[in-house]
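Take a look at the structure set out below.
All heavy atoms count here, side chains included; hydrogens, waters and symmetry mates do not.
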Protein chains: 2
Amino acid sequence: MYRTKNCGELRLSDVNQTVTLAGWVQRIRKMGGMTFVDLRDRYGITQLAFNQEINAPVFEEANRLGREYVIQAVGRVEERYSKNANMPTGDIEINVSELHVLNEAATPPFTIENDTDGGDDIRMKYRYLDLRRQCVRQNLELRHKMAFEVRRYLDEQGFLEVETPVLVNSTPEGARDFVVPSRMNPGQFYALPQSPQTLKQLLMVSGFDRYFQIVKCFRDEDLRADRQPEFTQIDCEMSFVEQEDVLNMFEGMSRHLFKVIKGIDLPKLPRMTWADAMKYYGSDKPDTRFDMRFVELMDVLQGHGFSVFDNAAYIGGICAKGAASYTRKQLDELTDFVRRPQIGAKGLVYARIEADGTVKSSVDKFYTQDVLQSLKQAMNAQPGDLILILSGDDANKTRKQLCELRLEMGSRLGLRDKNQYACLWVIDFPMYEWSDEENRLMAMHHPFTSPKPEDIPLLDTDPAAVRANAYDMVINGVEVGGGSIRIHDANLQQKVFEILGFTPEQAQQKFGFLMNAFKYGAPPHGGLAYGLDRFVSLFAGLDSIRDCIAFPKNNQGRDVMLGAPGVIDQIQLDELQLRVDLKK
Amino acid sequence: MYRTKNCGELRLSDVNQTVTLAGWVQRIRKMGGMTFVDLRDRYGITQLAFNQEINAPVFEEANRLGREYVIQAVGRVEERYSKNANMPTGDIEINVSELHVLNEAATPPFTIENDTDGGDDIRMKYRYLDLRRQCVRQNLELRHKMAFEVRRYLDEQGFLEVETPVLVNSTPEGARDFVVPSRMNPGQFYALPQSPQTLKQLLMVSGFDRYFQIVKCFRDEDLRADRQPEFTQIDCEMSFVEQEDVLNMFEGMSRHLFKVIKGIDLPKLPRMTWADAMKYYGSDKPDTRFDMRFVELMDVLQGHGFSVFDNAAYIGGICAKGAASYTRKQLDELTDFVRRPQIGAKGLVYARIEADGTVKSSVDKFYTQDVLQSLKQAMNAQPGDLILILSGDDANKTRKQLCELRLEMGSRLGLRDKNQYACLWVIDFPMYEWSDEENRLMAMHHPFTSPKPEDIPLLDTDPAAVRANAYDMVINGVEVGGGSIRIHDANLQQKVFEILGFTPEQAQQKFGFLMNAFKYGAPPHGGLAYGLDRFVSLFAGLDSIRDCIAFPKNNQGRDVMLGAPGVIDQIQLDELQLRVDLKK
């Protein structure tokens, strides 16, 4: 070893020990006859002291060091004159008697500090330097710890981690697959798994009973801010279970993580039906750190001559506590916010509750104070509150707009503290959703999701109304996990396929290997998958999953550090019997 | 839950409890008015008893069950009349009062027993049924446990598991890459990693200090018996370490695994130089469960007129204890064995040590008893032993042949017990090996491996003689892990590249991103990687890695269960701007 101690562990009790440290030069301060070097490694920072009077040659060497040099220093631990209470090693320093430069360093293109001067692009290009920053490295330490604790919990619960293959077959439903040409089988391709869904179901058919895997999954999608072409799932499945069993098991897992990682005792998770989530929050992943539920105002506000409302299919309001003092400028900002093309509302109606209880609205000329008082009552608004109202001719669209407005108000009012966690289960998702594009019902979760037993008769009469045994775990408005109880009955599966518009032949072609497996004794089973990247970024308080991934890709799917993807040799293409055929 | 207990946990102490079990029908025995069903799940087998007199309707239902039906049974735990000491639940049975068929099963294409009637091909096609066999499932349970214990040990030692990307850049050295066309970057390809070697070195540059990952790696090679296109590594790297530190750390890991998994206290691992391994075993991965070392016999046997030996570049013998009684037929088999084209020896010379100490050899007409006595002495042979001798005009080739013969004799003499483990480190590998194909020196490990400091001067004078800081962990003749201390000095790296025949430009082009990273302060570092598949198959006593992989591929790289690889839609090819261009 090049060291006897690391840079984070020395304390006052170590004074007078002779130690060897190794690490990177974080900072150099030259103060006349003294030079101080902050030496950094993963474990912390320790101050090295070089005294010209005591050891002139080593002092001279220290003065020749540069930022990020890798050095080894031997010296005695001494109590500092001026202690630094902000660092764990702040009581001591090393009086250095020997100094070795293990490696020099060119000046890094940005400062290696939490508060760096490097922009996103340069940090990604030099990600190996970016990862030296404590704030970035800590996210990956957290990720390691979370993954380890997930494994510990699931192992204790009798789950087996089983590795499923990465080179699989292309699946016809879902997102676009990444494919891998096979040299040994020319003209044929593997696909990278979008999830191990069918394989984990096969493991249930195999009697594995409790399976999990922390596993890379792949989707060739056009990337949005918080998507990566490769991402990591905590993928789980259990046999002989009902929904309640799955929810309890994984509520337990989340409780374990919150306890050991954050020191938080997670209360029993509330459950909200999908219908209620849509009605009260306009979202299947409501941020319940704050209330501000939607109130439907059709009864209160229609029929008073305000044609915008009178012609609306939906009118909904939220009550922003204490925001009556919002200025004209702030209200205009909110109007601009809801009118942004990404949100698409036509306008925003507001009503202030004055200190005396009267209501002052932006549509006063259409509404009497009596009606406005009914509004106040409906919204349960108090003096000092601000009511914000959206309407539209498509109820679902309007609810989504109102959802965005609610989140914006939550942020503005400081109600979305990243250190507060509101977790819940959203349950009773619909089996199907209508696709205008495909002009058919599509599986909301996937085609193996089972309907609620009491809704099975509706499959014949009103399939769009059938609720599924499907559930999502939502934390702070982020869907961190989701799953379902699967169908294990062949007849029911066939009916579900029919409703999706598959002929028996198509079903066989698309999902044949799984359906065949189900013929040999499939147990009742169900499970779920968590997005590890999202889970970690929630725990880390990050806005993007990118900073909890060691080597993320950018929005063009590129790893700018590695220079991937890149062109490959013609020989390689020839071996694969492929030709690149670029569109002109 | 569909059960209150699993099929492995009930004991005499549970008698009179009413329980609900669920699982698969393993066996049905109809004995007049009684029917017995063995119910199986992952945890074991429990006998269900159906009594016509007590409950006729349920008895009738039981008689309609078939093999592998999935059922749920409610009943009382009762003491058995005829106990079965071979199964943990053999003292009890369930007197069934309620029976539900959860799913029927078609007759499986082979019996779900450890000793199955299914051949390899059908078992692979129906791998989900094969995995129901206890012996196969246990391998995967072992794999889970080993991976978990590796993580536990490394976590305790301060290692961080960091996920490196699967979609990376193509590397020009090493085996053939699998590539993934990028739709967003038409004409460009990602590669799947052959190992995260360069990425883990970057993490060392980042100051991660101790990294590991249990990670899938990919090689597009023509497959041999014990190779898979995707395989799993335990990949590790440490900073500020020397070889001794790495060996101690991972010897500790192996010791931990042997202790918790096998209950074996692993002694301190012996170390053998590569030169000795080649000299005494003709292999860089000697099976040291048995001795039978090579003895070089040039001095003893040359110059006596036997032209085969007189013209040989190498003559070596092994002493097979107690095998003097081998019959003519057995000796002929051995001769045939070494003459097989895979081994390629011209012939085999043997010498028996008779009870009276005289030596009887197959080349008696060339050698006096005096010379044969010197042979006996050189081989340290005793009465009853058999000396086997090979010679050839290429010393290394002959040693390899003798290695195969030694392993064969070890097997024949029962010296290769799968429940015995002989572990060692092979160290001091050469830096380079000559490639006739490339007509240049090639890196034996990889081009970032550091030479032994004392051998650095030889880089200028005799590079082929330079030894590396490289090491393999060998167990029972299998290389389970290997690694090296890496070069962290830019000048030394450049010299190593020169010897490999790279110009500075070529080195920059091939390894530029890593060499650039090294400019910014690379710490001394080193590490190793274990092959998890091999490690597990050793612990499981398997001959092939295939049975410790849930869904393996065959020798054509096919997953016959999934039907992967397969053809993909033209739309998908068009999106990738690729054309399949099959050779006629």
Begin from the C-alpha positions of B/Tyr2 and A/Asp245 and carry the test side chain to side chain contact (heavy atoms under 4.5 Å, CB included) through to its verdict. CA-CA 10 Å; B/Tyr2 283 76; A/Asp245 305 308; 5.9 Å; no

May I have the step-by-step check of salt bridge (charged side-chain N to carboxylate O under 4.0 Å, His left out) for A/Arg183 and B/Asp222, ending in yes or no? CA-CA 9 Å; A/Arg183 181 181 55 88; B/Asp222 298 312; 3.3 Å; yes

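Contact of B/Leu514 with chain A is not made at all, since no heavy-atom distance falls under 4.5 Å. Contact annotation for A/Phe159: only backbone heavy atoms (N, CA, C, O) come within less than 4.5 Å of a heavy atom of chain B. Of the atoms belonging to B/Leu573, it is side-chain heavy atoms, and not backbone ones, that fall under 4.5 Å from chain A. Residue A/Asn516 touches chain B through both its backbone and its side chain, counting heavy-atom pairs closer than 4.5 Å. Of the atoms belonging to B/Phe208, heavy atoms from both backbone and side chain fall under 4.5 Å from chain A. For chain A, no part of B/Tyr211 is nearby; none of its heavy atoms comes within less than 4.5 Å. Of the atoms belonging to A/Leu532, it is side-chain heavy atoms, and not backbone ones, that fall under 4.5 Å from chain B. For B/Ser182, the part sitting under 4.5 Å from any heavy atom of chain A is the side chain, from C-beta outward, and nothing else. If you measure heavy-atom distances from B/Asp220 to chain A, the contacts under 4.5 Å come from both the backbone and the side chain. Heavy atoms closer than 4.5 Å to chain A are found in the backbone of B/Thr107, but not in its side chain. Residue B/Leu199 touches chain A through both its backbone and its side chain, counting heavy-atom pairs closer than 4.5 Å.
To the nearest 0.5 angstrom, B/Ile568 atom CD1 is 9.0 Å from A/Asp177 atom CG. In this structure, the separation between CG on B/Leu160 and NZ on A/Lys145 is 11.5 Å, given to the nearest 0.5 Å. Between the CZ atom of B/Arg151 and the CZ atom of A/Arg151 there is a distance of 3.0 Å, given to the nearest 0.5 Å.
Contacts of residues 518-525 of chain B with chain A at a heavy-atom distance below 4.5 Å involve B/Lys519, B/Tyr520, B/Gly521, B/Ala522, B/Pro523, B/Pro524, listed in sequence order.
Between the side chain of A/Arg132 and the main chain of B/Val205, a donor-acceptor pair closer than 3.5 Å is present. Side chain of B/Asn185 to backbone of A/Gln556: a donor-acceptor contact under 3.5 angstrom is found.
Ranking B/Arg137, B/Gln72, B/Glu68 against chain A, the residue ahead of the rest is B/Arg137, based on heavy-atom pairs under 4.5 Å.
For A/Lys553 against B/Pro165, the heavy-atom pair with the smallest separation is NZ-CB, 3.7 Å. Of all heavy-atom pairs spanning A/Asn555 and B/Met184, the tightest one is O-CE, 3.9 Å. Shown here for A/Asn169 and B/Ala564, the closest heavy-atom pair between the two residues is N-CB, 3.6 Å. The nearest pair of heavy atoms linking B/His488 to A/Asn103 is O-ND2, 2.6 Å. Taking every heavy atom of both residues into account, B/Ser170 and A/Gln572 meet most closely at OG-NE2, 3.8 Å. Smallest separation of non-hydrogen atoms from A/Gly207 and B/Arg42: O-CB, 3.4 Å.
Ion pair A/Asp581/B/Arg579 flagged as a salt bridge, since at least one NZ, NE, NH1 or NH2 atom sits closer than 4.0 Å to an Asp/Glu carboxylate oxygen. Ionic pairing of A/Arg152 and B/Asp155 is not present here: no N-O contact between side-chain nitrogen and carboxylate oxygen is shorter than 4.0 angstrom.
Residues satisfying the side chain to side chain donor-acceptor pair (under 3.5 Å) criterion with B/Glu242, sequence neighbours excluded, are absent altogether.
At least one side-chain heavy atom of B/Phe551 sits under 4.5 Å from a side-chain heavy atom of A/Leu203.
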